[in-house]
Amino acid sequence: MTVRHYLGVADLSRDETLEMLDRACKLKAKWLKRGRPSKKLRGATLAGIYEKPSLRTRTTFEAGMTQLGGHAVYLGPADIQLGQREPAGDVARNLSRWVQIITARVFAHGTVVDLSCASSVPVINALSDREHPCQALADFMTLVEHFGDLKGRKIAFIGDGNNVAHSLLLMGGLLGTSIAVAGPEGYAPDPAIVEQSRALIGCNRAQITVTTDAAEAAAGADVVYTDVWASMGQESEQEARAAIFEPYKVTEGLLAATGKPETIFMHCLPAHRGDEVAAAVLDGPRSVVFEQAENRLHAQKALILFLLGK
């Protein structure tokens, strides 16, 4: 059987993604109703590779494996030292003989590519500098819960055109949801990702827009989304970025610019109140950030089951 990996949103088809979102919703409903592990992955082990600190990613993958009847092993920076103690390919060749699936939260996207090329078991990109596809799965699951049909909806992403923005663009193109990204000059998403997103649209009527005007991006949006201005590894740029991104803070005024009272606010967390988002927005009635975080658990369970053919 061909091994499937999930290194980015476009590794799955539109139909596969929609089926997975539907299954994630069902897994969530079942867990909330019954609250006991299944036996689907009895005896299976997930190896989680982490070059970066993690709260949501590690907890949801490990809890998810437990809820599916399996087990997870944490491998932190000191355990592996990818590329120093031994190359990613050798790590993957070893792990493939012991575990059934691998997740990797890394700095460079090339690391997850190297792992997948050498692995005989599925590899999941749990975050890289190129994409955060598992976050996008949870985000679109949250949209399904709130709005039902994804077609005709619009997400305005305000801030740095980073890995989260990349995965939202690709998922929007794949599923027919319009995405508008607004940020300062020099901080736009990768043009190749933007073009790939547009190519995925096909016959859908979704639109992919990149602008420097936050109000323009927000107009008509069903979702206003932001992320931190300086991600892990960019700490030295934090002060400079704060000044550059200040006009892109998500405020109650920016939410009002959507023209829709039902617009919701999203953030992949962790969030910095008073920086990229006003506390009144993050903690306000339109915020669904903790629903997003909860849905990481169930979206990832659906992904694991799909990749393992269960």
Side-chain angles (χ1 to χ4, degrees), residues 1-9 11-13 15-51 54-76 79-80 82 88-106 112 115-127 132-138 140-142 144-145 291-310:
M1 185 177 69
T2 303
V3 176
R4 297 285 299 272
H5 303 293
Y6 193 60
L7 308 188
V9 166
D11 285 342
L12 299 183
S13 70
D15 288 345
E16 287 171 336
T17 303
L18 288 173
E19 288 172 12
M20 198 175 331
L21 292 176
D22 179 67
R23 188 173 193 183
C25 290
K26 291 175 179 175
L27 286 168
K28 179 179 180 179
K30 185 176 181 180
W31 178 256
L32 293 177
K33 181 179 179 180
R34 301 178 62 188
R36 63 174 184 265
S38 74
K39 300 178 181 179
K40 288 184 179 295
L41 295 186
R42 177 182 286 178
T45 301
L46 176 151
I49 297 172
Y50 291 85
E51 289 187 328
S54 175
L55 169 64
R56 280 155 292 278
T57 297
R58 179 181 175 183
T59 304
T60 53
F61 269 117
E62 293 189 8
M65 282 299 289
T66 299
Q67 291 180 15
L68 293 172
H71 177 67
V73 174
Y74 171 78
L75 298 167
D79 298 312
I80 297 181
L82 282 172
D90 285 356
V91 170
R93 291 181 185 94
N94 277 277
L95 290 176
S96 296
R97 293 169 180 263
W98 306 323
V99 306
Q100 285 64 55
I101 193 163
I102 299 168
T103 61
R105 178 178 169 88
V106 299
V112 291
L115 286 166
S116 69
C117 287
S119 177
S120 59
V121 301
V123 173
I124 296 173
N125 177 4
L127 179 143
H132 197 352
C134 293
Q135 180 67 52
L137 281 174
F140 275 75
M141 177 185 172
T142 308
V144 169
E145 290 180 328
E291 292 175 45
Q292 287 173 264
E294 179 182 5
N295 286 342
R296 288 287 302 277
L297 172 65
H298 306 291
Q300 289 162 188
K301 288 192 296 186
L303 176 61
I304 290 167
L305 292 171
F306 172 82
L307 293 175
L308 292 178
K310 299 292 186 181

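For reference, positions follow the sequence shown, starting with 1.
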Taking every non-hydrogen atom, the tightest pair across [X] and [Y]:
X: A24; Y: A299; value: CB-CA, 3.7 Å
X: R4; Y: P122; value: O-CB, 3.2 Å
X: D90; Y: N94; value: O-ND2, 2.8 Å
X: H5; Y: V121; value: CE1-O, 3.2 Å
X: L82; Y: A88; value: CD2-CA, 3.8 Å
X: S119; Y: S96; value: OG-OG, 3.2 Å

Open item on the list: Please evaluate residues L137 and T17 with respect to the criterion side-chain contact (heavy atoms from CB on, under 4.5 Å), reporting the C-alpha separation (whole Å), side-chain torsions for both, the decisive distance (0.1 Å), and the verdict.
Closed with: CA-CA 8 Å; L137 281 174; T17 303; 4.2 Å; yes

Hey, could you give me the [atom1]/[atom2] distance between [X] and [Y], rounded to the nearest 0.5 Å?
X: L21; Y: F140; atom1: CG; atom2: CZ; result: 8.5 Å
X: E291; Y: E294; atom1: CD; atom2: CD; result: 7.5 Å
X: L41; Y: L46; atom1: CG; atom2: CG; result: 9.5 Å
X: L27; Y: M20; atom1: CG; atom2: CE; result: 11.0 Å
X: E51; Y: I80; atom1: CD; atom2: CD1; result: 8.5 Å
X: L12; Y: Y6; atom1: CG; atom2: OH; result: 5.0 Å

TODO: Step by step, work out the side-chain contact (heavy atoms from CB on, under 4.5 Å) result for Q135 and R56.
DONE: CA-CA 10 Å; Q135 180 67 52; R56 280 155 292 278; 5.7 Å; no

- [ ] Pick out which of I124, I49, V73 makes a side chain to side chain contact (heavy atoms under 4.5 Å, CB included) with I102.
- [x]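 Per the side chain to side chain contact (heavy atoms under 4.5 Å, CB included) rule, the option paired with I102 is I49, out of I124, I49, V73.
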
All N/O donor-acceptor pairs, side-chain side in residues 300-307, below 3.5 Å, sequence neighbours left out:
| unit_1 | atom_1 | unit_2 | atom_2 | d |
| --- | --- | --- | --- | --- |
| Q300 | OE1 | R296 | NE | 2.7 |
| Q300 | OE1 | R296 | NH2 | 3.0 |
| Q300 | NE2 | T60 | OG1 | 2.9 |
| Q300 | NE2 | R296 | O | 3.4 |
| K301 | NZ | Q67 | OE1 | 2.6 |
| K301 | NZ | H298 | ND1 | 3.3 |

Heavy atoms, side chains only, cut-off 4.5 Å: are [X] and [Y] in contact?
X: S54; Y: R105; answer: yes
X: R93; Y: R97; answer: no
X: T57; Y: Y50; answer: yes
X: S116; Y: L7; answer: yes

- [ ] Would you check if the side chain of Q100 reaches a backbone N or O of T45 as a donor-acceptor pair within less than 3.5 Å?
- [x]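 Side chain of Q100 to backbone of T45: a pair is present.
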
TODO: Without swapping roles, check the side chain of E16 against the backbone of S13 for a donor-acceptor pair under 3.5 Å.
DONE: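 Between the backbone of S13 and the side chain of E16 there is a qualifying donor-acceptor contact (under 3.5 Å).
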
Task: side chain to side chain donor-acceptor pair (under 3.5 Å): pairs with one or both residues in residues 23-37, sequence neighbours excluded - done: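 Qualifying pairs: D22-K26, K28-E145, K28-N295.
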
